[in-house]
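First comes the structure, then the notes that go with it.
Along the sequence shown, residues are numbered consecutively beginning with 1.
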Amino acid sequence: MGKQIQGLHHITAIAGDAQRNYDFYTGVLGLRMVKKTVNFDDPGTYHFYYGDEHGTPGTILTFFPWGNIASGRAGTGMATEITYAVPEGSLDAWKERLSRFNVPFSDIKEHFGEPYLAFTDPDGLNINLVVPKTPDTRTPWQTSEVKADMATRGFHSTTLSLKEIDATAEVLTDIFGYRLLAQEGNRYRFITDTVQQAGIIDLLALPDGQRGLNGAGINHHVAFRVANDVIQMEYQEKVSGKGLQITPKIDRDYFFSLYFREPGGVLFEIATDNPGFTVDESPDKLGTGLKLPKQYEPARGEIEKLLPVLK
């Protein structure tokens, strides 16, 4: 793997009820629970990681489920759509499945010649399933009901809604190495050539759009992927060299992180592949135990009493 940004690493969102979130993403969508841990800043709240069999970067959607949080409002200054790649011919099967679970969805539409199905999760988070022009060859996680002929392959893209896109586009192109692929109305598609999947960012220009409001059903941040923390620190210099404030390196147990807010208001993270999700669980046991950051391990008993028991 090279020294460039390798597309998306993960996306983190905010949820309400933990059980409802778990049931939807593992049950309805058929994702694997890759890691069950807690929020580093609020250990009385879960941090769920959903993805493929191995927790591969580019497939990981994470949630902070705060049970009593109010609903948010999608708007400018945030990521407003998460799009998963699915196989050709699977959208009708997904329509049937979503109907069976009483999940409302829109008619099949197209962006840039790619058909997609749009719906929201139980908290109102915007999710799309798209059939890419180039078939996604990643091996999916399968369940007893969601088989390979329809299972999600991982991220296709995410959409950032912005009052104006120029400064954000400059971050994508000048720092992250993306390029403008195409424009469709007020939607601008940027792509990196370093990866075949999870390499697309759409910028949606909404000059009169309402500012987003954080809460349940809202994306918290978008994380971009680098191979390791040596490369990551080179990006810290690149970001700060553009006059943007960026954090020191933070150890998140399963990856190292840098955070900065791009000019349009979206919180970006640069996250590493190392050390990965198998540092504290074997591949066959991923997501089965409650894993705590080492600083919270002495308080495990108290923390477990605060967390809702998942069924």
Side-chain angles (χ1 to χ4, degrees), residues 8 11 13 15-16 20-21 23-31 50 59 61 71-76 78-136 138 140 142-143 145-162 165 181-191 197-210 212-213 215-219 222:
L8 293 168
I11 299 172
R20 184 177 64 183
N21 179 267
D23 290 344
F24 183 80
Y25 284 94
T26 63
V28 179
L29 290 194
L31 304 181
Y50 303 107
T59 74
L61 178 59
S71 295
R73 181 184 66 232
T76 60
M78 59 177 53
T80 51
E81 296 174 2
I82 298 168
T83 301
Y84 282 97
V86 294
E88 185 174 1
S90 66
L91 292 183
D92 285 341
W94 276 110
K95 288 170 65 175
E96 187 278 329
R97 183 166 182 78
L98 294 174
S99 295
R100 183 148 43 96
F101 285 94
N102 298 312
V103 178
F105 54 86
S106 301
D107 292 336
I108 294 175
K109 301 176 183 178
E110 284 191 2
H111 283 321
F112 303 103
E114 296 179 329
Y116 71 94
L117 180 66
F119 58 94
T120 59
D121 81 354
D123 287 299
L125 186 69
N126 295 319
I127 305 287
N128 299 329
L129 303 177
V130 67
V131 177
K133 289 179 179 178
T134 302
D136 192 314
R138 288 175 289 183
Q142 300 183 66
T143 70
E145 293 188 3
V146 182
K147 299 297 187 182
D149 60 352
M150 66 182 293
T152 62
R153 267 46 181 176
F155 295 136
H156 168 275
S157 58
T158 188
T159 299
L160 313 183
S161 292
L162 305 161
I165 71 163
L181 178 68
Q183 178 187 352
E184 192 175 79
N186 65 334
R187 182 179 293 266
Y188 299 77
R189 174 153 291 184
F190 290 79
I191 191 168
Q197 292 95 21
I200 294 172
I201 304 293
D202 282 356
L203 301 185
L204 197 60
L206 298 171
D208 299 319
Q210 189 175 25
L213 179 67
I218 295 302
N219 290 297
V222 175

- Look at the side chain of Lys95 and the backbone N and O of Phe105, then say whether any donor-acceptor pair between them is shorter than 3.5 Å. no
- Query: Mind checking what makes salt bridge (charged side-chain N to carboxylate O under 4.0 Å, His left out) contact with Arg138, not counting sequence neighbours?
  - Reply: Asp136
- Task: Search all heavy atoms of Trp94 against all heavy atoms of Ala151 and return the closest pair with its distance.
- Result: CZ2-CA, 4.5 Å
- With distance as the sole test, does Glu114 use its side chain to make a donor-acceptor pair with the main-chain N or O of Val130 at under 3.5 Å? no
- Message: With rounding to the nearest 0.5 angstrom, report the CD1 to CD1 distance, Ile191 to Ile200.
- Response: 4.5 Å
- Can you tell me how far CZ of Phe155 sits from CG of Asn128, rounded to the nearest 0.5 angstrom? 12.5 Å
- Item | pair Phe24-Leu125: side-chain heavy atoms closer than 4.5 Å | no
- Straight-line distance of Thr152 OG1 to Gln142 CD, nearest 0.5 Å: 11.0 Å
- Task: Give a yes or no on whether the backbone of Gly199 and the side-chain of Gln197 come within a donor-acceptor separation of less than 3.5 Å.
- Result: no
- Which heavy atom in Val131 sits nearest to a heavy atom in Glu88, and how many Å separate them? CG1-CA, 3.6 Å
- Return the orientation label for the Tyr25 and Tyr50 ring planes: parallel under 30°, perpendicular over 60°, tilted otherwise. parallel
- Query: Which distance, rounded to the nearest 0.5 Å, do you find between the OH of Tyr188 and the OG1 of Thr159?
  - Reply: 14.0 Å
- Message: Any non-hydrogen side-chain atom of Asn126 less than 4.5 Å from a side-chain atom of Thr120?
- Response: yes
- Message: Strictly distance-based, threshold 3.5 Å: is any side-chain N or O of Thr143 a donor or acceptor partner for the main-chain N or O of Val146?
- Response: yes
- Item | Donor-acceptor pair, side chain of Asp123 and main chain of Gly16, under 3.5 angstrom | yes
- Heavy-atom nearest pair, Ala15 first then Asn21, reads CB-ND2, 3.6 Å
- Message: I'd like to know whether Leu181 forms a side chain to side chain contact (heavy atoms under 4.5 Å, CB included) with Phe112, so could you lay out the CA-CA distance, the side-chain angles of the two residues, the decisive distance to 0.1 Å, and finally the verdict.
- Response: CA-CA 10 Å; Leu181 178 68; Phe112 303 103; over 6 Å; no
- Query: If only atom types and distance count, is the side chain of Arg97 paired as donor or acceptor with the main-chain N or O of Val28 below 3.5 Å?
  - Reply: yes
- Out of curiosity, Arg187 CZ to Ile165 CD1, how far, rounded to the nearest 0.5 Å? 11.5 Å
- Message: On a heavy-atom basis, which atom in Leu213 and which in Ile218 lie closest, and how many Å separate them?
- Response: O-CG1, 3.5 Å
- Message: So His111 and Glu184, do their side chains get closer than 4.5 Å, heavy atoms only?
- Response: yes
- Message: Keeping Ser157 on the side-chain end and Ile201 on the backbone end, is there a donor-acceptor pair under 3.5 Å?
- Response: no
- Residue pair Arg153 / Pro87: nearest heavy atoms and the distance that separates them: NH1-CG, 3.2 Å
- Message: On a heavy-atom basis, which atom in Glu145 and which in Phe101 lie closest, and how many Å separate them?
- Response: OE1-CZ, 4.2 Å
- Message: Using the rule side-chain hydrogen bond (donor to acceptor under 3.5 Å, both in side chains), only one of Asn186, Thr80, Asp202 pairs with Ser161; which is it?
- Response: Thr80
- Query: How long is the gap from CZ on Phe119 to CD1 on Ile127, to the nearest 0.5 Å?
  - Reply: 6.0 Å
